[in-house]
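To start, the structure itself, in structure tokens.
Please read all numbers here as calculations on a predicted model, not as lab measurements.
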Amino acid sequence: MENFKHLFSTYGYARTTSEDKYELLEPWIQWVSIHTGKSYAEHQIFRLGDIVNHPELKQLWEIGEQKGLKVGAVSPFNAANNLKRAVFFVPDPWTQTSPTGSQTLVQLSRAVSAAVNDNANQKLSGGALLALVKGVLKYVPLSRYVHYFSLASKFKRKMAKPAILDNVLADTFIHLWKASQPDFSSLFLNSGAHLQHHYMYNSQVYSGTQKNPEWYCPASEDPLLDILKEYDAILGRLIKLDCRLFIATGLHQNPHEENTYYWRLRNHTEFLKLVGIQEFKSVVPRMSRDFLIECHSVAQAKQVQERLEEMSIPGSDEKIFTVDNRGESLFIELTYSQELNTGSFINAGKQNLGIDLFKYVSFVAIKNGEHDGIGYYIDTDRKQAPSSINPVKNIFSEIVSSFG
């Protein structure tokens, strides 16, 4: 991986620190800290997508725009598009904020969101597929098609779809950057974290005792190494743009040494009505097993919370859902982590509902990695050493200082 080697040998890297509590070690919290220069205690953004409710938090792109800079972003994690003159802005797949750009770019943004959020169900609408194809035709150079065909030929491998997604995002970013020449722009890629989270046990450098089942990820595959090779190639193309690069991970991951399954509801609205939750404003799927319910009142939200929190599977002490109540809105995680099979009926308190949970969920993954608050950071304007350790929020001031 020559480009990683070049960056490390030329510029070194520094370490960043994050929150003290494990429940706060979520990338959608750390990246808000990078975008705003504030710790969680200061910005209070706990949920993915909640940034849209806090326009008072000034993000990097808004500050750049206020200084007269041309700014753009592709897939910034948990970031709101509050810009007036963005040259391009493609939201992450989970944050409900408007994209900025051509009709093709807007359609591509929505198609990527659909592809990511429907990943557990392995489905994609014809419209979303057409938008992805149009986006690839416009933003991916012909010289890159051979590489895409190579990735597509590996479609049954775990790294293929995530790698294709991040390559599309990177190619789109580079095309937009060359076309608009922004003064400050950002690209966020998440597939490496996803593959690390779900397939770390398959890595050549994992030395623990856990092992993924062959049906889940064959021993011959190393998805983490595969995606790092993709990132090395992307880094090489970014280096050729000949501009100052800030590269940050926000967090890193350690092996998760327990047997933990991830499940996701297939149809959130259908399931909620099935278990007797009829009245709510909306339900919005988030990353992996999470979803957001907006209710009509605080009292109604409390009723929904109580209903979800009383659900369990007979024979297990583990609840199915964990709920974060913020008044009229509920952020829910499907946290049941054991294996499910046909006949996994739901109890609500002591009452058996006669509903087989297995029929209403999709298997997402077996958890392989867990978050660690130490992150890593490179700035191609200066050389740093691993002994340099700073709060992750300080990356914000480093970037802002480059605005002049």
Side-chain angles (χ1 to χ4, degrees), residues 27-28 31-32 34-35 48-52 55 59-65 69-119 124-125 127-141 144 148 161-194 230-231 234 237-238 241 243 245-248 250 284-287 399:
W28 51 83
W31 283 96
V32 172
I34 292 173
H35 298 158
L48 176 56
D50 265 13
I51 188 66
V52 298
Q59 306 166 110
L60 288 165
W61 310 274
E62 294 146 50
I63 293 170
E65 189 175 72
L69 304 182
K70 291 194 300 181
V71 299
V74 169
S75 198
F77 205 22
N78 205 5
N81 184 3
N82 299 323
L83 297 166
K84 296 180 175 64
R85 304 179 305 279
V87 289
F88 56 86
F89 194 102
V90 178
D92 74 50
W94 308 277
T95 302
Q96 304 296 303
T97 191
S98 298
T100 297
S102 67
Q103 183 179 13
T104 300
L105 186 65
V106 170
Q107 291 175 344
L108 176 63
S109 173
R110 291 169 180 162
V112 168
S113 179
V116 170
N117 284 299
D118 290 341
N119 181 56
L124 191 63
S125 70
L129 184 59
L130 178 61
L132 284 172
V133 171
K134 288 171 63 177
V136 167
L137 291 174
K138 181 168 183 176
Y139 298 119
V140 175
R144 299 267 297 139
Y148 277 87
K161 283 188 282 186
I164 289 172
L165 172 62
D166 272 2
N167 272 281
V168 169
L169 291 175
D171 281 325
T172 300
F173 173 82
I174 291 171
H175 175 99
L176 295 170
W177 190 93
K178 289 180 176 179
S180 59
Q181 294 288 303
D183 301 301
F184 170 69
S185 55
S186 65
L187 169 66
F188 177 82
L189 302 177
N190 193 59
S191 292
H194 165 81
E230 296 297 320
Y231 284 174
I234 291 170
R237 299 172 63 219
L238 293 173
L241 297 180
C243 59
L245 295 178
F246 299 93
I247 305 168
V284 181
R286 295 296 197 212
M287 180 181 281
I399 295 175

So which heavy atom on F77 is nearest to which on H35, and how close?
-> O-CE1, 3.1 Å
Once you round to the nearest 0.5 Å, how far does CH2 of W61 lie from CD of E65?
-> 12.5 Å
pair V136-V168: side-chain heavy atoms closer than 4.5 Å = yes
Who pairs with Q107 by side chain to side chain contact (heavy atoms under 4.5 Å, CB included), at least two apart in sequence or on another chain?
-> Q103, A131, K134
Roughly how far, to the nearest 0.5 Å, is CZ of F173 from CG of L241?
-> 7.0 Å
Separation between NZ (K70) and CZ (R85), nearest 0.5 Å, reads 11.5 Å
For the student: nearest non-hydrogen atoms of P182 and G72, plus distance = CB-N, 4.4 Å
Can you tell me how far CG of L169 sits from CD1 of I164, rounded to the nearest 0.5 angstrom?
-> 12.0 Å
Residue pair Y231 / S191, side-chain heavy-atom distance below 4.5 Å = yes
Please name all residues satisfying salt bridge (charged side-chain N to carboxylate O under 4.0 Å, His left out) with D166, sequence neighbours left out, ordered by chain then number.
-> none
Might you point out which heavy atoms bring A128 and A111 nearest each other, and give the distance in Å?
-> O-CB, 3.3 Å
Note, D92 side chain near L48 side chain (heavy atom, < 4.5 Å) = yes
CG of L69 to OG of S185: how many Å apart, nearest 0.5 Å?
-> 11.0 Å
Side chains of L83 and T100: does their closest heavy-atom pair fall under 4.5 Å?
-> no
Flag the pair W28 / D50 as yes when at least one side-chain heavy-atom distance between them is below 4.5 Å, and no otherwise.
-> no
Is the shortest heavy-atom distance from the side chain of V71 to the side chain of V87 under 4.5 Å?
-> no
Specify the closest pair of heavy atoms between V90 and P76, including all atoms of both residues, with the distance to one decimal.
-> O-CD, 3.2 Å
Decide yes or no for S109 and F89: does some side-chain heavy atom of the first lie under 4.5 Å from some side-chain heavy atom of the second?
-> no
CD1 of I34 to CD1 of I399, rounded to nearest 0.5 Å, is 7.5 Å
Which heavy atom of P162 sits nearest a heavy atom of H194, and at what distance?
-> CG-CD2, 4.0 Å
Going through the distances and angles, do W177 and F88 end up as a ring pair (Phe, Tyr, Trp, His ring centres under 6.0 Å)?
-> CA-CA 9 Å; W177 190 93; F88 56 86; 9.5 Å; no
How would you list, by chain and number, every residue that makes a ring-ring contact (aromatic ring centres under 6.0 Å, His included) with F246, sequence neighbours excluded?
-> none
Residues two or more places apart in sequence or in another chain: which of them pass side chain to side chain contact (heavy atoms under 4.5 Å, CB included) with S102?
-> T104, L105, K138, Y139
With sequence neighbours left out, what residues match V52 under side chain to side chain contact (heavy atoms under 4.5 Å, CB included)?
-> A80, T95, T97
Those residues at least two apart in sequence (or on a different chain) that pass salt bridge (charged side-chain N to carboxylate O under 4.0 Å, His left out) with R144 are D171
